[in-house]
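These notes are about the structure you will find just below.
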Amino acid sequence: AVLLLWPFIERKITGDSASHHLLDHPRDVPWRTAVGVGVLTFLILLQAGGGGDVLSVFLHVPLEGLNAVLRVLCVVLPVVAALTAYRFMADLKERDVHASAKPRWVTLRRTSSGGFEESS
């Protein structure tokens with residue numbers, strides 16, 4: 001239900017009521033990327049917890065211990081992943097480095113042997 005309400009929640013948080021028809025790069029809105037990474041990490045951990053019995057047999061660990069570890073990870077790991085993603089995306093936004101933003105133009109020249117070489 002929260003996923004369906006996310007556009008309305010984000011509009012309320014940011015105050016941006018303009019119409020948007022294009023996708024943003026993850027580095028353009030670092031907090032949105034961080035929230036997505038945190039939620040995705042949480043859901044992956046819940047999925048692992050749902051198959052904990054199979055996972056405990058595969059890893060040869062007791063189920064109770066695995067459940068205790070997964071409980072702690074479900075609280076800690078999404079926060080750590082979100083903070084890491086935010087820092088990484090904010091750094092990319094600050095440096096304004098993007099591979100497709102500044103294409104490198106190369107001039108090729110044909111050699112007498114039929115090959116090509118880069119000319120300056």
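Quantities reported herein were computed from a predicted structural model and do not represent experimental measurements.
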Point to revise | Distance, nearest 0.5 Å, that separates CD of E10 from CG of D16 | key: 8.0 Å

Check your understanding: According to a 4.5 Å side-chain heavy-atom criterion applied to Ile, Leu, Val, Met, Phe, Trp and Tyr, with indirect links allowed, do V75 and F42 form part of one hydrophobic cluster?
Key -> no

Point to revise | OG1-NE2 distance between T33 and H25, expressed to the nearest 0.5 angstrom | key: 11.5 Å

Check your understanding: Are more than 12 heavy atoms from other residues, nucleotides or ligands located less than 6.0 Å from atom CG of L3?
Key -> no

Exercise for review: Identify the heavy atoms of A85 and V37 that sit nearest to each other, and give their distance.
Suggested key: CB-CG2, 3.8 Å

Point to revise | Closest approach of L46 to C74 (non-hydrogen atoms, all atoms of both residues) | key: CD2-SG, 4.2 Å

Exercise for review: Check whether V54 and L63 end up in the same hydrophobic cluster, where Ile, Leu, Val, Met, Phe, Trp and Tyr are linked by side-chain heavy atoms less than 4.5 Å apart.
Suggested key: no

Exercise for review: Using atom types as modelled and distance alone, determine if a side-chain donor or acceptor of S56 lies under 3.5 Å from a backbone N or O of P62.
Suggested key: no

Review point. Between P7 and L4, which heavy-atom pair has the shortest distance, and what is it?
Key: CD-O, 3.6 Å

Practice item. Given side-chain contact (heavy atoms from CB on, under 4.5 Å), test W31 with T14 step by step and report yes or no. Key: CA-CA 11 Å; W31 69 269; T14 62; 3.5 Å; yes

Check your understanding: Within a radius of less than 6.0 Å around CG of L23, do more than 12 heavy atoms belonging to other residues, nucleotides or ligands occur?
Key -> no

**Study point:** D24 vs R32, salt bridge (charged side-chain N to carboxylate O under 4.0 Å, His left out): CA-CA, chis, key distance, verdict
**Key:** CA-CA 10 Å; D24 293 325; R32 187 188 305 155; 3.2 Å; yes

Exercise for review: Would you indicate whether the side-chain heavy atoms of V39 and P78 approach each other to under 4.5 Å?
Suggested key: no

Point to revise | Hphob cluster co-occupancy, L40 + M89, side-chain heavy atoms under 4.5 angstrom | key: no

Review point. What distance separates L92 CG from R87 CZ, expressed to the nearest 0.5 Å?
Key: 10.0 Å

**Study point:** Heavy-atom donor-acceptor pair, K93 side chain to D28 backbone, under 3.5 Å
**Key:** yes

Check your understanding: Shortest non-hydrogen contact from A81 to T41?
Key -> CB-OG1, 3.6 Å

Check your understanding: Out of curiosity, L66 CG to E64 CD, how far, rounded to the nearest 0.5 Å?
Key -> 9.5 Å

Point to revise | Note, W6 side chain near I9 side chain (heavy atom, < 4.5 Å) | key: yes

Exercise for review: Check whether V76 and L73 end up in the same hydrophobic cluster, where Ile, Leu, Val, Met, Phe, Trp and Tyr are linked by side-chain heavy atoms less than 4.5 Å apart.
Suggested key: no

Check your understanding: Within a strict 4.5 Å, meaning less than it, do heavy atoms of the N67 and R71 side chains meet?
Key -> yes

Point to revise | L108 side, atom CG; E117 side, atom CD - distance, nearest 0.5 Å | key: 9.5 Å

